[in-house]
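Numbers here are sequence positions counted from 1.
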Amino acid sequence: MPRADVVVIGAGLAGLSCAAELAERGARVLLAAKGMATTHWTHGALDVAGVSGAATSRAGIEALRADGEHPYARLAGDVEPAVAAHLERTAAQGLPHTGDLDAPLRPVPTAIGTLRPAAIVPSAQAAAVAPWNGDGLLLVGFSHYRDAWAPWAARNLRRATWPEGPREIRGITVDLPWLERLHNLNATVLARLFDDPVWRQRTLGAIARAVPSGTWRIGLPAALGLERHAEVHAEAEATLGHRCFEVSSLPPSVPGMRLFEALRRRIIGAGGRIHLGFEVVEVERDARRVHAVHTHAGARTLRLLGDTFVLATGGIGGTGFRGRRDGTVEERIFGLHVTAPPHAAWFSDDPLQPHPLEAAGVRTDDALRPPELENVRVIGSALAGMHYLSERCGDGVALASAHRVANELAAPARAAA
């Protein structure tokens with residue numbers, strides 16, 4: 001039966017980062033998850049603290065830190081080293097980023113024609129956060145790719161409030177006849193096609209012929225290759241003769257898939273193990289300690305023993321929590337107490353306001369240990385007190401909490417070895 005110093009449960013940004021850092025520091029780590037997590041849904045940039053009125057992520061952290069109930073009240077000092085470690089880790093796997101906590105938060109266009117604040121982005125999105133300085137924005141879509149309607153998005157962006165934005169915004173749809181036989185052209189299929197040098201050359205040539213004269217930054221669907229991404233992005237800029245950037249679209253998220261794969265390789269390369277695709281179905285515990293968890297494994301269960309267990313299964317959005325008929329919220333693995341609004345406040349009349357249940361989570365001590373179990377740690381969006389979507393702090397909390405836990409747990413693991 002597998003045994004580890006630390007068993008991490010959950011394969012989102014928090015769980016992957018914690019497992020990677022633990023493995024890098026010499027701990028025997030096993031990551032177990034029932035499937036892919038939020039990396040496959042999000043835009044690939046880092047949302048550290050994009051609160052309204054904050055000019056930088058650092059300013060956003062300080063604003064959220066002032067709320068004593070927010071995770072940043074205890075984790076603010078961990079954010080900078082955690083982000084730095086993450087950027088080093090991903091760059092070493094061929095996925096460099098641009099920006100830091102002091103980079104200005106700038107509006108970045110999305111595939112539906114809205115704007116989101118961003119400061120730390122993958123290199124393939126860097127042109128979107130640079131000052132526009134009179135450049136125009138040209139959004140490009142494909143006739144058989146239905147997850148990015150460039151003319152419609154351009155129309156929405158022209159109506160948006162975008163101070164110091166592009167001098168002009170246009171959207172074009174490029175007809176690619178060689179896609180007619182594909183009836184399910186999602187971002188993953190498109191990315192794998194871009195990995196093919198022959199297909200890529202033909203497609204970039206077709207786009208180049210459709211680009212109007214002028215100085216443009218070209219927004220392309222976020223699907224510029226999976227395995228050969230850097231090569232694809234460089235060739236796009238060379239062929240089109242303009243700076244190009246990926247525009248985030250509907251799931252599946254290709255930038256997120258690249259991030260997942262980069263962290264997976266880092267964990268395996270550092271000696272960690274990954275058990276993916278099997279849900280935790282049983283927990284062995286006594287009053288204060290967890291001894292093992294069991295996951296599905298074909299016709300039987302697999303017993304995973306560990307000295308410490310890290311809960312990184314997410315909150316309501318990540319199915320780490322679920323509502324009960326009696327109006328309470330439960331944590332699904334260990335049965336930890338979840339701080340949540342009363343049942344009467346679960347529903348809002350305004351769909352554009354933060355959902356009340358978004359702030360539900362587990363309260364912990366400074367070591368991120370819940371009161372019920374002494375050898376469990378809680379990280380990421382399972383922590384209570386944040387609106388990780390509207391505050392755009394989910395990635396920062398994930399990295400900071402993962403860093404704190406890994407920093408604490410790796411030392412005794414190394415000593416025991």
Side-chain angles (χ1 to χ4, degrees), residues 1-41 86 89-90 93 252 256-285 289-315 317-322 331-336 368 370 373 375-382 398-399 401-403 405-406 409-410 412-414 416-417:
M1 65 191 70
R3 181 174 185 87
D5 298 318
V6 184
V7 175
V8 179
I9 305 171
L13 180 60
L16 290 166
S17 299
C18 189
E21 185 163 352
L22 282 164
E24 292 162 1
R25 290 169 173 259
R28 295 177 302 165
V29 61
L30 191 155
L31 183 145
K34 67 178 181 180
M36 307 304 182
T38 53
T39 53
H40 286 55
W41 292 79
H86 175 75
R89 196 172 287 130
T90 53
Q93 294 297 320
M257 294 168 70
R258 295 185 203 121
L259 175 60
F260 174 89
E261 182 59 23
L263 293 175
R264 186 196 69 83
R265 290 195 304 264
R266 188 76 174 203
I267 294 167
I268 299 299
R273 293 171 288 167
I274 297 178
H275 182 63
L276 192 64
F278 302 96
E279 187 172 8
V280 173
V281 294
E282 183 181 347
V283 176
E284 294 181 30
R285 56 174 288 184
R289 294 186 65 83
V290 173
H291 302 290
V293 296
H294 294 243
T295 67
H296 280 304
R300 58 184 179 84
T301 64
L302 181 65
R303 187 171 181 244
L304 309 177
L305 290 92
D307 298 325
T308 307
F309 296 81
V310 177
L311 182 73
T313 52
T319 70
F321 304 154
R322 62 185 169 194
E331 185 275 307
R332 300 180 65 172
I333 302 297
F334 301 117
L336 302 176
L368 304 186
L373 293 167
N375 69 331
V376 168
R377 303 293 186 272
V378 181
I379 61 175
S381 56
L399 293 174
S401 57
H403 176 72
V405 166
L409 298 181
R414 285 198 307 270

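For the pair Leu13/His86, a side-chain contact is recorded, criterion being any heavy-atom separation below 4.5 Å from C-beta on. The side-chain heavy atoms of Val405 and Thr308, taken from C-beta on, include no pair separated by under 4.5 Å. Residues Ile9 and Phe334 have side chains in contact (heavy-atom distance under 4.5 Å, counting atoms from C-beta outward). Taking the side chain as every heavy atom from C-beta outward, Leu409 and Asp5 never approach each other to under 4.5 Å. Residues Leu16 and Leu31 have side chains in contact (heavy-atom distance under 4.5 Å, counting atoms from C-beta outward). Side chains of Arg3 and Asp307 form a contact here, defined as non-hydrogen atoms less than 4.5 Å apart.
The line from CG of Leu311 to SG of Cys18 is 11.0 Å long, rounded to the nearest 0.5 Å. Rounding to the nearest 0.5 Å gives a distance of 6.5 Å between CD of Glu279 and CD1 of Ile333. One finds the CZ atom of Arg273 at 10.0 Å from the CD1 atom of Ile268 (value rounded to the nearest 0.5 Å). To the nearest 0.5 angstrom, Gln93 atom CD is 4.5 Å from Arg265 atom CZ. Atom CG of Leu305 is separated from atom CD of Glu284 by 7.0 Å, given to the nearest 0.5 angstrom. Note: Thr90 OG1 to Arg258 CZ = 12.5 Å, rounded to the nearest 0.5 Å.
Ala14 and Ile379 get closest at one heavy-atom pair: O-CD1, 3.5 Å. Looking at every heavy atom in both residues, Glu24 comes nearest to Ala270 through N-CB, 3.8 Å. Considering every non-hydrogen atom in both Gly272 and Ala23, the closest pair reads N-CB, 4.0 Å. Residues Ala382 and Gly314 come closest through the heavy atom pair CB-O, 3.8 Å. Between Ile267 and Ala19, the shortest heavy-atom distance links the atoms CD1-CB, 3.8 Å. Among all heavy-atom pairs drawn from Ser17 and Leu399, the shortest one is OG-CD2, 3.3 Å.
In this view, Arg285 and Val283, Val290, Leu373 satisfy the side chain to side chain contact (heavy atoms under 4.5 Å, CB included) rule, not counting sequence neighbours. Take Glu331 and apply the salt bridge (Lys or Arg N to Asp or Glu O under 4.0 Å) test, not counting sequence neighbours, and it matches no residue. Remark: Arg322 pairs with Glu330, Arg332 by the side chain to side chain contact (heavy atoms under 4.5 Å, CB included) rule, at least two apart or across chains. Checked against salt bridge (Lys or Arg N to Asp or Glu O under 4.0 Å), Arg264 has the following partners two or more places apart in sequence or in another chain: Glu261. By the side chain to side chain donor-acceptor pair (under 3.5 Å) test, His403 is found to be paired with Glu21, residues two or more places apart in sequence or in another chain being considered.
Remark: side-chain polar atoms of Ser401 are paired, donor with acceptor, to backbone N or O of Ala398 under 3.5 angstrom.
Within the structure, the ring-ring contact (aromatic ring centres under 6.0 Å, His included) test picks out the following pairs touching residues 256-275 (sequence neighbours left out): His40-Phe260, His275-Phe278.
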